[in-house]
Amino acid sequence: MTKEQVLLKMRSHTPFRQAVWKACMAIPAGQTRSYKWIAEQIGRPGAVRAVGSALGKNPFAPIVPCHRVIRSDGNPGGFSAPGGVKAKLKLLKKEKARLPGLLRQA
DNA sequence: CGTATGGCTCCTC
DNA sequence: CGAGGAGCCATAC
């Protein structure tokens, strides 16, 4: 599954989701962004929760790095994908991403 | 088709 | 430090 394939399948979903997912893909590898950051990128600064919903329903788990999206506090937040927050942290550690004030274990 | 409820949140009191 | 409200989208009934 390539990014272009994902972009193509996105068209079957709502434009809002597309924007959210695209913004996620725009995050540099090994780095993290906040939900608010995504919301602002898509032009919906007040739709942080909607962004979370979109990411939670993200059908393109590995292609769209929704795990790079964390809270503004630096907390990992939540993760609906299999493995939960633990998997999220695992992926971030795998990418050598540094979280501001996150538990260094698990 | 319209209404009601939930969500990986954020900000202010 | 803790609790509550706000504003946005998608899904289910």
Side-chain angles (χ1 to χ4, degrees):
Chain A
M1 177 103 50
T2 66
K3 288 182 182 178
E4 303 215 344
Q5 290 290 304
V6 172
L7 290 169
L8 207 59
K9 295 223 169 194
M10 276 185 184
R11 306 197 299 178
S12 300
H13 298 252
T14 66
F16 176 79
R17 280 176 150 193
Q18 294 180 35
V20 175
W21 296 330
K22 281 183 186 175
C24 288
M25 296 169 78
I27 301 174
Q31 299 210 347
T32 56
R33 295 289 122 121
S34 63
Y35 290 99
K36 193 174 188 206
W37 183 88
I38 299 285
E40 289 191 359
Q41 291 306 302
I42 66 179
R44 291 282 164 324
V48 290
R49 279 209 328 228
V51 171
S53 271
L55 291 177
K57 290 168 189 172
N58 165 34
F60 317 110
I63 293 81
V64 178
C66 51
H67 59 265
R68 287 183 200 155
V69 186
I70 61 173
R71 282 202 183 187
S72 297
D73 305 75
N75 236 72
F79 207 58
S80 293
V85 184
K86 213 170 181 180
K88 187 173 187 173
L89 296 173
K90 209 167 187 177
L91 287 165
L92 289 173
K93 281 178 72 179
K94 210 169 189 177
E95 297 186 353
K96 297 181 182 174
R98 291 182 186 174
L99 278 75
L102 179 60
L103 25 100
R104 313 143 191 173
Q105 298 185 11

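Convention: sequence-line order gives letters A, B, ...; per-chain numbering from 1. Note that this is a predicted model, so its numbers are computed, not measured.
- Judged as a salt bridge (charged side-chain N to carboxylate O under 4.0 Å, His left out), and not counting sequence neighbours, the contacts of K36(A) are E40(A).
- Contacts classified as salt bridge (charged side-chain N to carboxylate O under 4.0 Å, His left out) and involving residues 2-14 of chain A (residues at least two apart or in different chains) are not found.
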| message | Dot-bracket for DNA chain C, please. Rules: Watson-Crick or G-U, both distances under 3.5 Å, ( ) within the strand, [ ] when a pair crosses earlier ones, | for another strand, . otherwise. | response | .|||||.||||||
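- The line from NE2 of H13(A) to CG of N58(A) is 9.5 Å long, rounded to the nearest 0.5 Å.
- With sequence neighbours excluded, the residues forming a side-chain hydrogen bond (donor to acceptor under 3.5 Å, both in side chains) with R33(A) are Q31(A), listed by chain and number.
- Scored by the side chain to side chain contact (heavy atoms under 4.5 Å, CB included) test, S12(A) finds no partners at all (sequence neighbours excluded).
- Every residue meeting the salt bridge (charged side-chain N to carboxylate O under 4.0 Å, His left out) condition with R68(A), not counting sequence neighbours, appears here in chain and number order: E95(A).
- Applying the ring-ring contact (aromatic ring centres under 6.0 Å, His included) test to residues at least two apart or on different chains, the pairs with a partner in residues 54-92 of chain A are W21(A)-F60(A).
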Scan nucleotides 11-13 of chain B against the protein and return all N/O pairs shorter than 3.5 Å with their distances rounded to 0.1 Å.
from    : atom 1 : to     : atom 2 : distance (Å)
dC11(B) : OP1    : K36(A) : NZ     : 3.4

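- Listed by first then second residue, pairs satisfying salt bridge (charged side-chain N to carboxylate O under 4.0 Å, His left out) with a partner in residues 43-54 of chain A number zero, not counting sequence neighbours.
- Of the inter-residue distances, the one linking Q5(A) atom CD with I63(A) atom CD1 reads 10.0 Å to the nearest 0.5 angstrom.
- Distance CG (D73(A)) to P (dC1(C)): 12 Å, rounded to an integer number of Å.
- With sequence neighbours left out, the side chain to side chain contact (heavy atoms under 4.5 Å, CB included) criterion links A50(A) to F16(A), A47(A).
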Would you tabulate the pairs of protein nitrogen or oxygen atoms and nucleotide nitrogen or oxygen atoms of nucleotides 8-11 of chain C closer than 3.5 angstrom?
from    : atom 1 : to     : atom 2 : distance (Å)
dA10(C) : OP1    : T14(A) : OG1    : 2.2

